[in-house]
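Working notes, beginning with the structure itself.
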Amino acid sequence: MPSIRGSESFVSLLLIVTVCQAQYDGFFGGGYFGFQRPVSAVVDIKGTTKFPGVSGQFHFTQTTTGGPVIVRGTIQGLTPGLHGVHIHQFGNLSDNCNAAGPHFNPFNKDHGDVGHHVRHVGDLGNVDSMGDSFADIFLFDHLISLSSKSDRSVLHRALVIHEKADDLGLGNHADSKKTGNSGSRVACGIITLTPSRIPFFF
Ligand SMILES: *[C@@H]1O[C@H](CO)[C@@H](O)[C@H](O)[C@H]1NC(C)=O
Ligand SMILES: [Cu+2]
Ligand SMILES: [Zn+2]
């Protein structure tokens, strides 16, 4: 008998935990009490067949729904110098990243830099690969979002690293206002949600 009672209380406890979790997601997660669960995403970046030595990982964190996103990460194996970084429209890495399509540009703007007023939502500027071919990125962006309901959502889209520097829309080349004239695609990956590591009782 005591063991049956024990398992009943365990089931009840599980039920309470589940309900609390749902409440947390519904009320806290939705900002009901002014506190929201951070959303994070990750992208594993892999080189194309021509650039097999390129690899890296970027992390995205958004602490409030629709709020700014922190992007941080590292990438290695690039040639020294600047390399354009963009989020492209489609989460399809086929054909050496070319199936990812154009820069993610839901508002039909010209190409620019991450901090510019005129830019594609997917424009994240450049990463600077130093002599040791190791590059890191750390930026804070108000335009991209990890909220799946947002028209600025970058979830399930492709992050692409380019062969050359992005001219940030300021060059004379015909492609400057379209792609930043940053050359071919060297590496890419799909931006994927990661489960929140914050337990329900926090
Ligand atoms: C990805 O792109 C390739 C090449 O363009 C195409 O054949 C394939 O159907 C695409 N996959 C999806 C899921 O759209
Ligand atoms: Cu690109
Ligand atoms: Zn662009």
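Values reported hereafter were calculated over all heavy atoms of this structure, with side chains retained and with hydrogens, waters and symmetry mates removed. Indexing begins at 1, ligand by ligand and atom by atom, following the structure's order.
Salt bridge present: Asp141 and Arg119 bring a charged side-chain N and a carboxylate O closer than 4.0 Å.
You'll find the side chain of Thr79 stays beyond 4.5 Å of the side chain of Val186, heavy atoms only. At least one side-chain heavy atom of His111 sits less than 4.5 Å from a side-chain heavy atom of Asp123.
Around the Cu ion (ligand 2), the angle linking His88 (NE2) with His162 (NE2) is 130°, rounded to 10 degrees.
Checking only distances, Asn92 does come within under 3.5 Å of ligand 1, N or O to N or O.
Among the backbone and side-chain atoms of Asp123, an N/O/S atom is found under 2.8 Å from the Zn ion (ligand 3). Taking 2.8 Å as the threshold, His103 counts as a candidate ligand of the Zn ion (ligand 3), since one of its N, O or S atoms lies below it.
For atom 2 (O) of ligand 1, a protein heavy-atom neighbour is present inside the 4.0 Å cut-off. For atom 14 (O) of ligand 1, a protein non-hydrogen atom is found at a distance below 4.0 Å.
The line from CG of Asp175 to CG of Asp167 is 9.0 Å long, rounded to the nearest 0.5 Å. Note that CG of Asn96 is 9.5 Å distant from CZ of Phe51, once rounded to the nearest 0.5 Å.
Looking only at its N/O/S atoms, His86 has ND1 as the one nearest to the Cu ion (ligand 2). Looking at His111 and the Zn ion (ligand 3) together, the shortest N, O or S contact belongs to ND1. Closest to the Zn ion (ligand 3) among the N, O or S atoms of His120 is ND1.
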Open item on the list: One pair to check against side chain to side chain donor-acceptor pair (under 3.5 Å): Ser153 and Ser148. What are the steps and the verdict?
Closed with: CA-CA 6 Å; Ser153 175; Ser148 54; over 6 Å; no
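Each of His103, His86, His88 was compared with His120 under the ring-ring contact (aromatic ring centres under 6.0 Å, His included) criterion, and only His103 meets it.
Regarding atom 5 (O) of ligand 1, its nearest protein heavy-atom neighbour is Ala99 CB, 4.0 Å.
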